[in-house]
Amino acid sequence: MLDPKLLRTELNDVAVRLGTKNFDLDIRQFESLDAKRKSAQVAVEELQAERNKRSKVIGQAKAKGQDVEPLLAEVADLGDRLDAAKSQFDVVSEQFQSLLLSIPNIPDERVPAGKSETDNIEIRQRGTPREFNFTALDHVDLGEHGNAMDFEVAAKITGSRFVTLHGELAQLHRALTQFMLDLHVNEHGYQEVYVPYIVNAESLQGTGQLPKFGEDLFKLEGDKDYYLIPTAEVPVTNLLRDAIVSEEQLPLKFVCHTPCFRSEAGSYGRDTRGMIRQHQFEKVELVQLLRAQDSHAAHEALTHHAEVVLQKLDLPYRLVNLCGGDLGFASAMTYDLEVWLPGQAAYREISSCSNFLDFQARRMQARWRNNATGKPELLHSLNGSGVAVGRALIAVMENYQQQGGSIAVPAVLQPYMGGKTLLFSDS
RNA sequence: GGAGAGAUGGCUGAGUGGUCGAAAGCGCUCCCCUGCUAAGGGAGUAUAGGUUGAUAGCCUAUCCAGGGUUCGAAUCCCUGUCUCUCCGCCA
């Protein structure tokens with residue numbers, strides 16, 4: 001959520017900057033709603049003030065044993081007037097609030113203009129895509145060859161966009177997770193957390209998935225508004241919802257491994273082959289919450305932490321700065337890490353590192369207390385995948401494949417694989 | 001699933017339908033006193049919103065949440081949520 005005060009005072013500027021995100025802010029609508037809200041609120045508060053004053057007088061009169069009947073007569077219609085004013089205010093206030101919740105975050109100045117991912121700007125590239133002296137397979141063929149990846153049986157068990165992994169490949173998947181967690185905990189100073197995979201609507205509103213993007217979520221049946229998490233960002237960032245932490249506790253750095261569930265509504269026909277785009281996948285997520293003045297540097301650091309994963313796995317990748325049109329709703333600036341997939345001969349997103357500034361914190365009322373002023377201030381929140389486990393698995397398979405369909409184990413993963421150096425060697 | 005108890009400010013913990021945003025204690029901040037890491041005295045110490053040039057005032061809201069009764073609710077009524085205890089079941 002944007003600061004309502006900013007919207008009031010710099011509405012035109014904000015509208016222009018939101019334009020780079022392909023968002024059309026209706027200036028007239030905002031102004032008229034805000035004006036309505038203002039008069040309705042003032043009306044309610046004035047009536048409340050009067051009621052408080054009168055009631056106080058009645059109380060005092062009664063204490064002195066005076067006759068309060070005439071005083072009661074004076075306030076006879078006050079209640080009705082107040083109710084009327086209140087119901088009017090409630091309507092306007094709700095409209096105003098939902099408008100505020102539907103406005104995306106303002107892009108940072110460094111966000112390039114552009115409409116789609118083709119306009120993203122490449123910042124740097126690391127590693128060189130390997131030259132194969134044989135025909136490189138994609139992960140689907142490799143997985144089939146090793147009898148280790150099965151989309152058909154997953155479709156039987158559940159439906160499309162699910163997969164089962166077997167034997168050494170399932171083990172490699174787990175090894176990747178363990179490796180990433182250990183890296184971020186031991187070398188990057190994150191605290192590992194375990195969180196619910198089911199969250200309520202308030203949490204999703206806090207991070208920005210609701211109210212606008214409910215169709216991307218799996219909602220549970222039942223009398224409660226429960227959803228499967230689309231990312232660990234939701235439960236982890238909401239650890240701080242309605243909280244005020246002391247300055248000494250900052251920065252907060254959490255790493256969290258969870259499954260993620262996404263309906264992928266609107267992506268019919270995209271990435272239908274393989275496990276690039278699944279309804280269920282695993283991710284190791286990095287989340288930071290800290291002071292406003294530290295968030296730019298933290299964004300760079302967090303992105304680097306994700307990069308280290310790819311560097312240690314020796315996977316070729318590139319870093320791109322997302323253009324306005326490709327930027328997420330809550331993000332002010334996002335770096336994507338794209339890993340090289342020989343099977344597609346393309347770089348594909350494997351991590352997305354975003355700075356939300358105080359956008360999520362304002363929705364969540366997540367704050368810290370400034371020692372210098374003694375006052376609470378909104379936290380800045382950031383997160384990034386460190387990295388997506390399913391896609392990392394694909395990347396390792398395709399980049400480390402050997403002639404004949406076996407797969408070498410990256411050196412850093414070997415300790416997690418019982419020293420194994422080659423998978424599918426006997427198939 | 002059954003039975004019961006509870007939810008008050010950073011913490012502990014009072015609270016009557018009326019001047020309670022809320023006693024007291026602790027903690028914290030500032031000041032005073034004190035020749036020393038003791039003790040004492042005083043003042044202050046929530047959050048959000050509105051209004052405003054203003055972090056000055058003023059107004060409003062908030063004692064788990066949402067409704068209700070009332071001129072007036074932390075206090076009475078209803079519903080829900082959460083926590084705790086006991087029983088049952090269970091990974």
Side-chain angles (χ1 to χ4, degrees), chain A residues 1-10 30-101 194-206 220 222-227 235 238-250 291-292 358-379:
Chain A
M1 193 162 91
L2 297 176
D3 185 355
K5 282 177 188 157
L6 181 75
L7 282 162
R8 280 180 204 125
T9 54
E10 294 170 40
F30 180 88
E31 283 178 332
S32 89
L33 249 186
D34 191 38
K36 275 191 209 162
R37 184 226 95 235
K38 186 165 161 176
S39 65
Q41 182 168 350
V42 169
V44 169
E45 291 188 354
E46 277 174 355
L47 285 170
Q48 282 172 328
E50 175 158 356
R51 180 203 61 196
N52 290 348
K53 224 177 277 172
R54 302 264 186 164
S55 295
K56 205 171 263 187
V57 171
I58 291 172
Q60 288 165 341
K62 220 172 184 181
K64 291 180 197 153
Q66 297 170 350
D67 179 21
V68 296
E69 279 307 320
L71 293 173
L72 287 180
E74 278 177 38
V75 294
D77 68 327
L78 208 92
D80 290 339
R81 284 197 291 157
L82 184 57
D83 283 346
K86 241 185 201 159
S87 64
Q88 217 172 61
F89 173 63
D90 285 346
V91 171
V92 177
S93 160
E94 195 173 316
Q95 287 173 347
F96 187 65
Q97 202 59 25
S98 63
L99 175 63
L100 280 178
L101 286 173
Y194 171 81
V195 295
Y197 304 154
I198 294 173
V199 293
N200 57 36
E202 289 73 35
S203 293
L204 287 157
Q205 179 173 301
L220 301 185
D223 53 350
K224 293 184 174 166
D225 269 348
Y226 282 173
Y227 299 79
N238 275 280
L239 286 169
L240 274 293
R241 173 149 56 93
D242 294 322
I244 303 177
V245 294
S246 71
E247 191 166 357
E248 288 74 25
Q249 292 172 262
L250 303 178
R291 307 180 304 175
D358 62 10
F359 187 86
Q360 294 182 322
R362 186 170 291 106
R363 289 169 162 249
M364 289 191 296
Q365 283 301 301
R367 291 163 295 167
W368 64 284
R369 193 175 296 281
N370 186 326
N371 282 341
T373 62
K375 294 293 174 193
E377 295 180 23
L378 291 171
L379 286 161

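Per chain, numbering begins at 1; letters A, B, ... match sequence-line order.
- Rounded to whole Å, the distance from CG on A:Asp225 to C1' on B:rG66 is 15 Å.
- Using atom C1' as the reference point in both B:rU8 and B:rG13, the two lie 9 Å apart (nearest Å).
- Remark: P of B:rU29 and CG of A:Asn370 are 16 Å apart, rounded to the nearest angstrom.
- In this structure, B:rG17 makes no Watson-Crick or G-U wobble pair, since no nucleotide meets both defining distances under 3.5 angstrom.
- A donor-acceptor distance shorter than 3.5 angstrom exists from the side chain of A:Ser39 to the backbone of A:Lys36, with no hydrogens or angles considered.
- Rounding to whole angstrom units, CD of residue A:Glu69 and C1' of B:rU70 are separated by 14 Å.
- Residues satisfying the salt bridge (Lys or Arg N to Asp or Glu O under 4.0 Å) criterion with A:Glu74, sequence neighbours excluded, are A:Arg54.
- Nucleotide B:rG4 is matched to B:rC84 when pairs are restricted to Watson-Crick or G-U wobble geometry with both distances under 3.5 angstrom.
- Comparing the P positions of B:rA39 and B:rG27 gives a spacing of 10 Å, expressed to the nearest Å.
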For this session: List the steps and the verdict of side-chain contact (heavy atoms from CB on, under 4.5 Å) for A:Leu82 and A:Gln48.
Result: CA-CA 7 Å; A:Leu82 184 57; A:Gln48 282 172 328; 3.8 Å; yes

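- The base-pairing partner of B:rU69, taking Watson-Crick or G-U wobble contacts with both distances under 3.5 Å, does not exist among the strands shown.
- A salt bridge does not link A:Lys86 to A:Asp83: none of the charged nitrogens lies less than 4.0 Å from a carboxylate oxygen.
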Problem set entry | Pair A:Tyr227-A:Ile198, side-chain contact (heavy atoms from CB on, under 4.5 Å): steps then yes or no | CA-CA 5 Å; A:Tyr227 299 79; A:Ile198 294 173; over 6 Å; no

For this session: Sugar-phosphate atoms are those with a prime plus P, OP1 and OP2; base atoms are the rest. Using that split, label each nucleotide of nucleotides 49-64 of chain B B, S or - for protein heavy atoms under 4.0 Å, 5' to 3'.
Result: BSS-------BSS---

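- The distance between atom CD of A:Gln60 and atom C1' of B:rG17, rounded to the nearest whole Å, is 16 Å.
- If you check every strand for non-hydrogen atoms under 4.0 Å, A:Lys224 touches sugar and phosphate atoms only.
- A salt bridge does not link A:Arg367 with A:Glu377: every distance from a Lys NZ or Arg NE/NH1/NH2 to an Asp or Glu carboxylate oxygen is 4.0 Å or more.
- The P atoms of B:rG15 and B:rU75 are separated by 15 Å, rounded to the nearest whole Å.
- As a whole-Å value, the separation of A:Tyr226 OH from B:rC82 C1' is 10 Å.
- Atom name P, nucleotides B:rC28 and B:rC82: the rounded distance is 36 Å, in whole Å.
- Annotation: B:rU79 and B:rG9 have their P atoms spaced 25 Å apart (nearest Å).
- Taking the C1' atoms as reference points, B:rC63 lies 13 Å from B:rU47, given to the whole Å.
- Among the heavy atoms of the strands, none lies under 4.0 Å from A:Arg362.
- Remark: B:rA39 base-pairs with no nucleotide; criterion is Watson-Crick or G-U wobble with both hydrogen-bond distances under 3.5 Å.
- Rounded to an integer number of Å, the gap from NZ of A:Lys62 to P of B:rG18 is 10 Å.
- RNA chain B is contacted by both A:Pro376 and A:Arg54; A:Pro376 maps to the nucleotide lying nearer its 5′ end (nearest heavy atom per residue).
- Without hydrogens or angle criteria, A:Gln88 side chain to A:Ala85 main chain gives no donor-acceptor distance under 3.5 Å.
- When both distances must be under 3.5 Å, the Watson-Crick or G-U wobble mate of B:rG49 is B:rC59.
- Atoms CD (A:Glu202) and P (B:rU81) sit 13 Å apart, rounded to a whole Å.
- Summarising the geometry, the separation between CG on A:Asp83 and P on B:rC71 is reported as 12 Å, rounded to the nearest angstrom.
- For OH of A:Tyr197, the number of neighbouring non-hydrogen atoms (other residues, nucleotides, ligands) closer than 6.0 Å is greater than 12.
- Within the shown strands, B:rG10 is the pairing partner of B:rC26 under the Watson-Crick or G-U definition, both distances less than 3.5 Å.
- Rounded to the nearest Å, the gap between the P atom of B:rC84 and that of B:rG50 is 37 Å.
- Of the possible polar contacts, none joining the A:Arg362 side chain to the A:Leu378 backbone as a donor-acceptor pair under 3.5 Å is found.
- Here the separation of B:rA91 from B:rA7, taken at their C1' atoms, is 30 Å to the nearest Å.
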